[in-house]
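Just below is one structure, and these are the notes that go with it.
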Amino acid sequence: MFFRRIILFFLLCPLTAIAQSLYPLHPVIGDTLEVIEKRDYSLFPKVSNKALNYCLIYPDSNQLKLKAVYEGDSTATFDLEHSEIVEAQQIIEKVNEYYRSKDKATDDYSRSVVMKKESSTATSPLLQQGEMNKKAQKDARMQLRIEADRQRIKDHERGLRPNNLHIEFK
């Protein structure tokens, strides 16, 4: 019995040591910075996005280091200054605050700009071309989904929508 406890102890100790050695950048991100999060928040520009899988931040003596893991298990390590960590956390907060404030907006501007007329194939001339157009359309779709969800919740609270779940296996 004592021998089993010792083996269990040695098996679990390295796992907890590894798990506690990572530095969580932000509660939204956690301890692993995925490539999509890095791109969305425009974090750590010195790390190339090309073929990047994820990044980890870990303490090394008195300094934090950023380990970038690329496709094919190649890695690169970068020293991080305290100011870079603070800047990254501020960027995450700014972006999240922007989308929180956008979620509270009640105007129908984005819906009216992106909607197409049935007979027309062109979008509104107010929209920019290229990436700005795609982002505006994505934001408008997100607003429409949020508004539809709000309406469904209101209907459910009023008793107009039943609380049924129907799963069909084929």
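Only heavy atoms go into these numbers, but all of them, side chains included; no hydrogens, no water, no symmetry mates. Because the structure is a prediction, the values reported are computed rather than measured.
- Scored by the salt bridge (charged side-chain N to carboxylate O under 4.0 Å, His left out) test, Lys154 finds no partners at all (sequence neighbours excluded).
- Scored by the side-chain hydrogen bond (donor to acceptor under 3.5 Å, both in side chains) test, Asp149 finds Arg152 as partners (sequence neighbours excluded).
- The side chain to side chain contact (heavy atoms under 4.5 Å, CB included) search around Glu87 returns Ile91, not counting sequence neighbours.
- Hydrophobic clustering of Ile, Leu, Val, Met, Phe, Trp and Tyr side chains at less than 4.5 Å, counting indirect connections, keeps Val86 apart from Leu66.
- Remark: Glu34 pairs with Thr32, Ile36, Glu37, Tyr54 by the side chain to side chain contact (heavy atoms under 4.5 Å, CB included) rule, at least two apart or across chains.
- The nearest pair of heavy atoms linking Ser21 to Tyr58 is O-CB, 3.5 Å.
- Looking at Glu97 and Lys94, no side-chain N of the basic residue comes within less than 4.0 Å of a carboxylate O on the acidic one, giving no salt bridge.
- Closest approach of Val47 to Ala68, counting heavy atoms only: CG1-CB, 3.8 Å.
- Here the CD atom belonging to Gln143 is positioned 8.0 Å from the CD atom belonging to Glu147, to the nearest 0.5 angstrom.
- Of the inter-residue distances, the one linking Lys67 atom NZ with Asp60 atom CG reads 11.5 Å to the nearest 0.5 angstrom.
- Applying the side chain to side chain donor-acceptor pair (under 3.5 Å) definition to pairs two or more places apart or across chains, those involving residues 38-50 are Lys38-Asn49, Tyr41-Asn96, Lys46-Glu84.
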Side-chain donor-acceptor contacts of residues 70-81 below 3.5 Å, not counting sequence neighbours, with atom names and distances?
| residue | atom | partner | partner atom | Å |
| --- | --- | --- | --- | --- |
| Asp79 | OD1 | Lys65 | NZ | 2.5 |

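- A 4.5 Å side-chain heavy-atom check between Ile85 and Leu25 finds at least one atom pair inside the cut-off.
- Clustering ILVMFWY residues whenever any of their side-chain heavy atoms sit less than 4.5 angstrom apart, transitively, puts Ile92 in the very cluster that holds Tyr98.
- Residues Leu56 and Asp31 approach most closely at CD2-O, 3.7 Å, considering heavy atoms.
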